[in-house]
Number of protein chains: 2
Amino acid sequence: MPNKHDHSLLASLTKRCYFAGRAVMDAALRAHDIGSTQWFVLHHLALSGPMMQRDLVDLLQVERATLSVIIRELVRKGLVEQVPVERDARRKMLQMTDAGKALWDQLPNFETLIHATAFGEIPEADIAAAIRVLSIATERLTNLSLKGDRT
Amino acid sequence: MPNKHDHSLLASLTKRCYFAGRAVMDAALRAHDIGSTQWFVLHHLALSGPMMQRDLVDLLQVERATLSVIIRELVRKGLVEQVPVERDARRKMLQMTDAGKALWDQLPNFETLIHATAFGEIPEADIAAAIRVLSIATERLTNLSLKGDRT
DNA sequence: TCATGTTTGTTAGGCATCAAACAAAGATGT
DNA sequence: ACATCTTTGTTTGATGCCTAACAAACATGA
């Protein structure tokens with residue numbers, strides 16, 4: 001039977017693993033003067049082409065307010081443009097500028113490297129179990145937040 | 001064989017799970033005007049009694065600079081004291097004030113609740129596998145950061 | 001003794017995140 | 001048509017985290 005100690009350890013590891021991964025990304029990106037989430041935005045725009053800011057919110061799983069600040073930075077750096085959308089003045093379409101594309105081509109592909117470093121050579125069954133555990137935990141915690149809304 | 005997609009999903013889940021857990025804690029603590037890491041400091045001080053600030057850095061697994069700011073807030077709120085240590089003027093001993101103890105007694109025990117919510121009813125073997133995966137990943141990523149130091 | 005190295009805590013600057021509140025614009029229903 | 005609801009993005013203020021650079025104090029060794 002799993003005990004409190006296991007649960008506490010797993011919670012702590014979840015946090016440490018997240019920050020350890022981000023530290024590696026941040027260190028690699030520092031020379032290019034962009035942060036880890038800024039990299040993810042460029043990543044999605046490079047792979048999928050221009051997209052609505054609203055859709056990127058869902059892809060990145062962050063709040064609108066969070067993305068708004070990230071985009072503001074990328075726009076300030078001249079890497080991304082916010083293009084007005086016809087027929088709906090609320091929405092903004094995001095697309096990389098030429099400078100953004102040029103920077104992207106310079107960046108190494110750390111995503112694969114980091115994932116291989118972190119999870120390579122680990123049994124498939126363990127990876128699958130970890131995904132099950134974190135999926136369920138995330139869903140339950142999210143539901144708990146929603147329920148607590150009406151307080 | 002585990003593929004890139006699995007690894008990417010797991011990385012994303014690690015982040016989302018961490019923030020989902022923190023959101024639950026923050027929501028519960030907002031009424032008491034303390035943040036989640038501030039809660040962890042009180043937790044350790046309540047359970048172990050006064051301790052050196054340096055030792056708390058290791059327990060919480062954060063940087064000295066990070067803890068310094070957290071403690072500054074708790075001191076400002078009158079919940080914790082930094083007591084000078086004899087024989088070593090660099091160090092500071094942390095202890096809860098009476099107000100800190102009073103607040104602590106008011107707080108519900110969410111740690112158990114949150115862990116039970118997140119991980120309850122999940123097979124022991126899955127929990128153990130998740131711990132293995134995240135332990136290894138965290139260690140490897142940390143080593144990668146250290147190696148990259150000399151750049 | 002005294003120069004040098006290490007440890008401890010702080011400050012400054014930056015990124016990422018959230019909640020709350022706002023504004024603008026589209027959508028809906030009567 | 002018009003009032004109301006919903007959607008989208010922004011701003012503000014907070015927490016938490018990091019690195020880099022500093023200062024103070026301790027430790028060590030020549």
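No hydrogens, no waters, no symmetry mates; every other heavy atom, side chains included, goes into these values. Keep in mind that this is a model prediction, so the values were computed, not measured. Order of the sequence lines sets the chain letters (A, B, ...), proteins ahead of strands, with each chain counted from 1.
The side chain to side chain donor-acceptor pair (under 3.5 Å) search around Glu139(B) returns none, not counting sequence neighbours. Taking the side chain to side chain donor-acceptor pair (under 3.5 Å) definition, one finds that Asp55(B) meets it with nothing, sequence neighbours left out.
Met51(A) places a side-chain heavy atom less than 4.5 Å from the side chain of Leu59(A). With contacts defined as side-chain heavy-atom distances shorter than 4.5 Å, the pair Leu10(A)/Val133(A) qualifies. Annotation: side chain of Thr138(A) is not in contact with side chain of Gln61(A) (no heavy-atom distance under 4.5 Å). Contact check for Asn143(A) versus Thr117(B): no side-chain heavy atoms found under the 4.5 Å cut-off.
Per the geometry, CZ belonging to Arg90(B) stands 4 Å off C1' belonging to dC26(D), to the nearest Å. Per the geometry, NZ belonging to Lys92(B) stands 16 Å off C1' belonging to dC26(D), to the nearest Å. In this structure, CZ of Phe19(B) is placed 16 Å from P of dT15(D), rounded to the nearest angstrom. Atom C1' of nucleotide dC18(D) and atom CG of Leu141(B) are separated by 16 Å, given to the nearest angstrom. If you take CD of Glu63(B) and C1' of dT10(C), they are 14 Å apart, rounded to a whole angstrom. Put simply, CG on Asp88(B) is 17 Å from P on dT6(C), counting in whole angstrom units. The distance between atom CG of Leu94(A) and atom P of dT8(D), rounded to the nearest whole Å, is 13 Å. Rounded to a whole Å, the OH atom of Tyr18(A) is 11 Å from the P atom of dC18(D).
Contact between the side-chain N/O atoms of Gln82(B) and the OP1/OP2 oxygens of dT10(C) is found at a separation under 4.0 Å. OP1 or OP2 of dG16(D) has not a single side-chain nitrogen or oxygen of Lys15(A) nearer than 4.0 Å.
Within residues 64-79 of chain B, the residues that place at least one heavy atom under 4.0 Å from DNA chain C are, in residue-number order, Arg64(B), Ala65(B), Ser68(B), Arg72(B). Residues from residues 21-54 of chain A lying near DNA chain C, meaning a heavy-atom separation below 4.0 Å, are Arg22(A), Gly35(A), Ser36(A), Thr37(A), Gln38(A) in numerical order.
Summary of the strand contacts: Arg87(A) and Gln61(A) both lie near DNA chain C, and taking for each the nucleotide with the nearest heavy atom, the more 5' one is attributed to Gln61(A).
Taking CG from Leu134(A) and CG from Asp126(B), the interatomic distance works out to 10.5 Å, rounded to the nearest 0.5 Å.
The salt bridge (charged side-chain N to carboxylate O under 4.0 Å, His left out) analysis of residues 23-33 of chain B, with sequence neighbours excluded, yields the pairs Arg22(B)-Asp26(B). For residues 91-108 of chain B, the side-chain hydrogen bond (donor to acceptor under 3.5 Å, both in side chains) pairs, not counting sequence neighbours, are Glu81(B)-Gln95(B).
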